Amino acid sequence: MNRPATLSRAPLSRRRLLAGTASGAAALAAPAILRAQPAPVKIGLLHPVTGFLAFSGQQCREGALLAVEAINAAGGIKSLGGAKLEPVLGDAQSKPEVGAAEVEKMNEAGVAAIVGAYASAISLATTQSAARYGIPHIVDVGVSDQIVQRGLTNTFRFCPGYGVIARIAIDNLVALNDAAGKPARTVAIVHEESLFGTGTAQLLQKELPARGFEVVEVAKHANPTRDFTNVVLKLKALAPDIVIPANYYNEYVLLARTMRQQGVRPKAIYSVLGGAASSFKFVKEFPDDAAYIMDCNHWYDPRKPAALELRREAEAKGLFYTYEVFLAHEAVRLLADALERAGSASRERIVEALATSSWDGHFMPYGPTRFVNGQNEGARPVNTQVLNGTIEVIFPAEFASARPVFPMPRA
Amino acid sequence: MLEPSILAASLIHGLANGAVYALVALGLSLVYGVLHIINFAHGALLMAALYAVYFLVERVGLDPYAAIPVLVPAAGSVGYLLHRYVVAKASRGREEAVLLVTLGVALVLENLALALFRSDTRTIETGWAFEMVAVGPALLPAAKLAAAAGALVAVLALWAVVRATDLGRAIRAVAKEREAARLVGIDVDHVFALAFAIGTATLGAAACLLLPTYYVSPQVGHGFVLVAFTIVVLGGMGSFWGAFWGGLLIGVVESLGGLFLGESLGQIGIFAIFIATLLLRPTGLFGRAV
Amino acid sequence: MRSLPAIGLFALAALPLPWLTGSGTVLNLATMVLLFATLGQAWNLLGGMAGQFSFGHAAFFGTGAYATAIAQIRFGLDAWSGFAVAILAAVAMGALVGFASFRFRLRGSYFALVTLAFAEVARILANSLEITGAGVGLLLPLAPGLDRLQFADKAGYYWFALVICAGGLVLASLVRESRLGARLAAVRENEEAARALGVDAFAVKMQAILLSAGLAGAAGAFYTQLFLYLDPHIAFGPQVSVEALLGPIVGGTASLWGPVLGAAVLQLLGEASRALTGGATGANLVAYGIVLVLIVRFFPDGIIGMGRARTADARGVTG
């Protein structure tokens with residue numbers, strides 16, 4: 001059953017109008033009230049909310065806005081006298097050049113920092129543009145390792161890149177397999193054709209053989225793919241022990257359904273950055289197809305109450321609690337922490353504060369932040385599995401909320 | 001690795017998919033054959049029709065197949081109004097203007113859907129539609145078989161309308177000789193709009209048959225546009241049987257291409273055929289039957 | 001060279017923009033206008049002048065973009081040589097597409113569709129080939145310097161774009177006023193009659209597509225220098241082909257300045273719709289689509305055609 005579409009429309013759009021363009025925001029800064037309060041700190045929130053990445057962009061924006069509201073409600077930035085965060089929203093329209101143009105506007109609107117832009121291709125362009133003006137830019141999702149390899153001092157990424165994710169995915173797969181008595185040996189990879197799918201697949205293909213697995217098939221598919229029957233027929237013939245998908249939501253769903261329909265049931269479906277494998281929406285709408293699926297993906301620390309509280313808030317607004325929501329949320333909070341420590345809304349001070357950041361107040365399984373060349377070194381993915389109609393963390397043990405079920409029981 | 005059973009199953013799946021593509025391409029073929037319009041809004045109209053089916057199923061509780069008699073006339077009416085009062089008025093018959101206008105319509109529809117319905121993908125659950133039916137060595141979801149059957153029915157229906165009714169005769173007349181048709185008293189603008197309406201009505205049927213096996217989101221149309229164009233060209237612009245057989249062929253080519261070259265590179269088979277057809281036999285397999 | 005003074009004036013007038021405005025947004029907008037004006041001018045060489053409407057100009061834009069990236073990353077060439085390689089590669093692509101299409105006498109919608117197909121094939125291939133980085137794409141290292149055609153100051157990019165745009169204008173102007181231009185016009189108006197008069201339609205159309213492709217490739221190479229990252233969708237995606245044809249059609253295909261005007265109008269329209277509709281997702285693009293339809297309704301000859309007496313449209317339904 002799907003939630004009604006109108007659930008969260010009105011309040012959000014009003015909030016959005018209020019938090020809208022720079023000019024709108026300036027008009028809101030009623031002088032009489034502000035004389036008693038410090039000037040708000042403008043932060044740019046730049047995401048592809050229209051175009052083919054619209055869903056993810058919108059989820060990111062929602063997560064970021066939830067963080068802004070929470071921070072403001074708790075009194076704003078204390079070291080700046082309680083200054084509130086003022087979001088300056090930008091739409092990258094799923095195109096890098098539009099993202100870059102929005103950065104220019106945000107610069108002129110006087111933003112102290114930018115959080116965005118979900119997609120790697122867009123983030124590469126926006127961080128570069130921001131670098132010209134020394135604007136600190138926190139990349140909220142974008143997993144391409146190139147983002148933090150260009151020597152840009154303004155660029156910071158809170159979450160892991162696909163290099164780390166693939167490596168840890170393999171480590172965890174080996175551990176999982178060993179713990180179960182090594183039932184699995186052959187692997188098939190099904191990945192989407194663009195940056196994250198191809199990059200991840202390349203790494204997996206290279207490393208898996210060295211760790212004792214045989215890669216019997218690598219199936220690359222287009223975005224969008226209308227039908228997965230061919231891929232699944234090949235999987236049926238090859239009967240790999242493990243199927244590793246790395247793709248976006250829609251294709252993941254179609255693949256999982258087709259596998260079930262055609263009776264392909266490997267020992268495990270172990271996604272790496274699987275588009276739906278750790279998605280509450282998928283689990284809710286397709287419980288039979290989702291059962292027992294594992295993912296190595298961005299996830300929150302399930303022991304932290306703040307993460308669960310955010311889930312409740314997001315779902316109350318009619319949002320599914322996806323990785324875009326919590327990653328963007330924590331990216332904004334990272335920025336708030338940097339502002340607190342910088343004690344200033346100056347771009348250089350914020351960059352310094354981020355570079356020396358050692359922030360422990362987040363709910364991700366990362367440990368305190370530590371940025372090297374802009375990458376948060378402690379950032380790591382976590383393994384989840386769909387069990388009993390919900391998503392549990394199965395690895396690493398310190399965050400686990402359930403024991404893994406591997407191999408999958410026979411249907 | 002490529003045993004005959006996989007090959008055979010792949011072929012059958014390709015045929016089933018191809019029938020669905022044909023269904024989507026039918027409307028485009030008619031619109032091009034009669035109005036000589038390359039309708040850039042075709043994908044967006046399919047998306048709108050899919051949302052209509054979605055809401056009929058979720059809010060009104062209709063079965064998607066029962067929605068066909070509701071959606072077909074509704075979509076047709078929308079198509080009529082769209083052509084008569086937007087496309088025709090704005091473009092005044094100039095080909096390049098029509099391109100821009102349909103592009104504009106596509107932009108409006110997609111972003112309206114985005115603003116109204118957000119970008120989540122939505123699916124429907126239908127009880128029986130996911131029972132698997134064995135067709136030779138292949139296992140097909142019943143919904144896909146229904147869609148393939150629906151495609152055949154649609155082709156027959158359209159063919160009958162165009163061949164055997166007055167409207168059909170008027171459409172053929174207008175397609176062949178616009179000014180002469182006007183001279184014998186045919187209301188050309190009305191007939192054009194009707195042809196466009198029939199094209200959209202077909203999309204309505206296509207949406208009802210497609211949604212059970214697929215999903216809807218504001219961008220869902222994009223995945224079908226190029227394939228639809230390829231089929232229209234392959235089959236011969238304006239030929240329904242051409243669209244049908246063309247669709248089947250493209251479905252098989254896509255399937256075999258995917259099997260041998262991988263799903264990503266395999267898509268090239270579709271465009272290779274597209275280009276080859278345009279270069280070697282631009283009138284398509286069946287030429288102009290309208 | 002009748003238009004040369006006008007082009008010179010335009011370049012001179014546009015030159016001081018970076019000094020006149022402190023706004024990065026304005027400069028960026030102007031740079032994008034120049035980029036799309038160049039792409040539109042390229043399209044118009046084939047579309048407006050020769051009457052062959054291409055729906056796949058991304059094939060040439062993307063070839064240029066990738067060629068210079070590959071030349072610099074894989075072969076260590078400097079950016080200037082890369083730029084030259086880009087133009088040559090795009091011309092080669094133009095030769096391929098042109099030969100296939102014109103040798104087989106494709107026209108009108110058939111030509112449009114075949115160009116669309118070629119662009120898609122290019123995209124799919126770029127997604128699979130090692131040399132283009134497949135799905136991962138190509139990233140040029142950040143290294144400001146004239147030899148790398150990367151500028152620390154945004155003004156550098158603006159002037160670079162201005163040079164390319166002016167170059168495109170000069171090229172288009174030369175073609176218009178030459179015998180080639182006259183022959184193109186003859187082919188555009190009535191290809192059979194032109195052939196009957198002894199015009200080698202094939203040769204003439206080939207020349208048009210080669211020039212068109214080369215200029216589009218230059219625009220693509222500029223894009224690479226500006227953003228440093230390419231993937232198959234960015235380079236060969238349908239949005240590029242659409243941008244290429246929108247500007248000239250909106251601005252007016254019959255004039256030298258149509259593509260420039262069209263590019264400016266479309267970019268400003270995009271900005272205006274965003275400003276007017278605030279943050280509501282998609283609303284700005286809805287406005288953009290509506291205005292597009294309105295422009296076509298009220299300015300059928302493009303914006304530049306307004307004011308010209310509207311003669312009865314011989315080709316289609318009137319009114």
Side-chain angles (χ1 to χ4, degrees), chain A residues 1-6 8-9 13 49-59 94 190-194 197-198 216-234 236-238 248-251 253-254 257-258 260-263 276 281 285-286 288 318-320, chain B residues 1-3 5-7 9-10 12-14 16-17 20-21 51 54-55 58-59 110-111 114-125 130-132 137-141 144 210 213-215 217-220 222-224 227 251 254-267:
Chain A
M1 222 247 311
N2 293 293
R3 57 171 178 85
T6 51
S8 52
R9 193 83 39 236
S13 46
V49 293
T50 56
F52 67 99
L53 295 169
F55 178 71
S56 299
Q58 284 176 345
Q59 292 289 94
S94 304
V190 179
H191 71 95
E192 61 90 35
E193 64 183 3
S194 77
T198 312
V216 297
E217 169 77 6
V218 179
K220 174 160 89 163
H221 68 81
N223 287 324
T225 295
R226 293 170 290 269
D227 181 68
F228 273 97
T229 318
N230 266 339
V231 173
V232 172
L233 286 176
K234 270 192 264 189
K236 200 167 182 179
L238 291 167
Y248 289 108
Y249 186 86
N250 295 335
E251 282 66 40
V253 170
L254 280 174
R257 305 210 83 169
T258 313
R260 205 164 67 86
Q261 283 167 1
Q262 298 290 334
K281 181 177 159 84
E285 292 177 8
F286 303 99
D288 297 323
L319 299 169
F320 280 103
Chain B
M1 210 269 283
L2 284 171
E3 318 139 18
S5 65
I6 293 193
L7 213 55
S10 185
I12 293 173
H13 279 284
N17 286 333
V20 176
Y21 296 156
Y51 269 108
Y54 175 80
F55 285 116
E58 290 293 312
R59 301 294 175 87
E110 268 171 44
N111 287 286
L114 195 62
L116 291 173
F117 309 130
R118 292 177 52 96
S119 46
D120 335 15
T121 48
R122 306 183 193 223
T123 49
I124 55 174
E125 277 302 323
F130 274 105
E131 311 226 329
M132 303 301 284
L139 264 177
L140 289 171
K144 210 168 245 189
L210 181 61
T213 60
Y214 208 58
Y215 55 80
S217 75
Q219 291 94 27
V220 75
H222 292 193
F224 290 93
V227 175
E254 182 188 45
S255 208
L256 292 179
L259 206 57
F260 289 105
L261 294 173
E263 292 304 304
S264 180
L265 189 57
Q267 296 287 302

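Since we're looking at a predicted model, the values are computed, not measured. So that the names make sense, note that chain A is the first sequence line, chain B the second, and so on, each numbered from 1.
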**Request:** Sort Val220(B) into side chain, backbone, both or neither according to what part of it lies under 4.5 angstrom from a heavy atom of chain A.
**Result:**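 Contact with chain A involves no heavy atom of Val220(B) at all.
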
**Message:** For Glu125(B), which atoms come within 4.5 Å of any heavy atom of chain A: side chain, backbone, both, or neither?
**Reply:**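 The side chain, not the backbone.
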
**Message:** Taking Arg122(B) first and then Glu285(A), would you say they form a salt bridge - that is, a charged N and a carboxylate O separated by under 4.0 Å?
**Reply:**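 Salt bridge: no.
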
**Request:** Go through the steps for His13(B) and Asn230(A) under the test side-chain contact (heavy atoms from CB on, under 4.5 Å), then give the verdict.
**Result:** CA-CA 8 Å; His13(B) 279 284; Asn230(A) 266 339; over 6 Å; no

**Request:** State which residues pass side-chain contact (heavy atoms from CB on, under 4.5 Å) with Asp227(A); sequence neighbours excluded, sorted by chain then number.
**Result:**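 Thr229(A), Asn17(B), Lys144(B).
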
**Prompt:** Of all residues at least two apart in sequence or in a different chain, which pass the side-chain contact (heavy atoms from CB on, under 4.5 Å) check with Val232(A)?
**Reply:**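 If we apply the side-chain contact (heavy atoms from CB on, under 4.5 Å) test to Val232(A), skipping adjacent residues, the hits are Phe228(A), Leu255(A), Thr258(A), Met259(A), Gln262(A), Val264(A).
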
**Asked** Will you find, in the side chains of Thr225(A) and Glu263(B), an N or O donor that is under 3.5 Å from an N or O acceptor?
**Response**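 No, no side-chain donor-acceptor contact under 3.5 Å.
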
**Asked** Which atoms of Ala219(A) come close to chain B, meaning under 4.5 Å heavy atom to heavy atom: side chain ones, backbone ones, both, or neither?
**Response**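 The answer is neither part of Ala219(A).
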
Among [options], which residue forms the greatest number of heavy-atom pairs with chain B at distances under 4.5 Å?
{"options": "Asn250(A), Thr50(A), Leu254(A)", "value": "Asn250(A)"}
{"options": "His221(A), Lys220(A), Lys236(A)", "value": "Lys220(A)"}
{"options": "Gly263(A), Ala222(A), Ala54(A)", "value": "Ala54(A)"}

**Spacing of CZ belonging to Phe320(A) relative to CG belonging to Asp120(B), to within rounding of 0.5 Å** =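 Nearest 0.5 Å value for the CZ-CG distance: 7.5 Å.
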
**Request:** Please round to the nearest 0.5 Å and tell me the distance separating atom CG of Leu233(A) and atom OG of Ser255(B).
**Result:**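 If I round to the nearest 0.5 Å, the distance is 8.0 Å.
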
Could you tell me whether a side-chain N or O of [X] sits under 3.5 Å from a main-chain N or O of [Y], the two making a donor and an acceptor?
{"X": "Lys281(A)", "Y": "Thr121(B)", "result": "yes"}
{"X": "Arg226(A)", "Y": "Gly223(B)", "result": "yes"}
{"X": "Gln219(B)", "Y": "Gly51(A)", "result": "yes"}
{"X": "Ser119(B)", "Y": "Phe55(A)", "result": "yes"}

**Prompt:** Quick one: which of His191(A), Glu192(A), Glu193(A) gives a side chain to side chain contact (heavy atoms under 4.5 Å, CB included) with Ser264(B)?
**Reply:**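 That would be Glu193(A); it is the only one of His191(A), Glu192(A), Glu193(A) passing the side chain to side chain contact (heavy atoms under 4.5 Å, CB included) with Ser264(B).
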
**Asked** If you tally heavy-atom pairs under 4.5 Å against chain A, which of Ser10(B), Pro218(B), Ala9(B) wins?
**Response**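 The option with the most such pairs is Ser10(B).
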
**Heavy-atom side-chain proximity of Val49(A) to Arg118(B) below 4.5 angstrom** =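 Answer no - side chains too far apart.
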
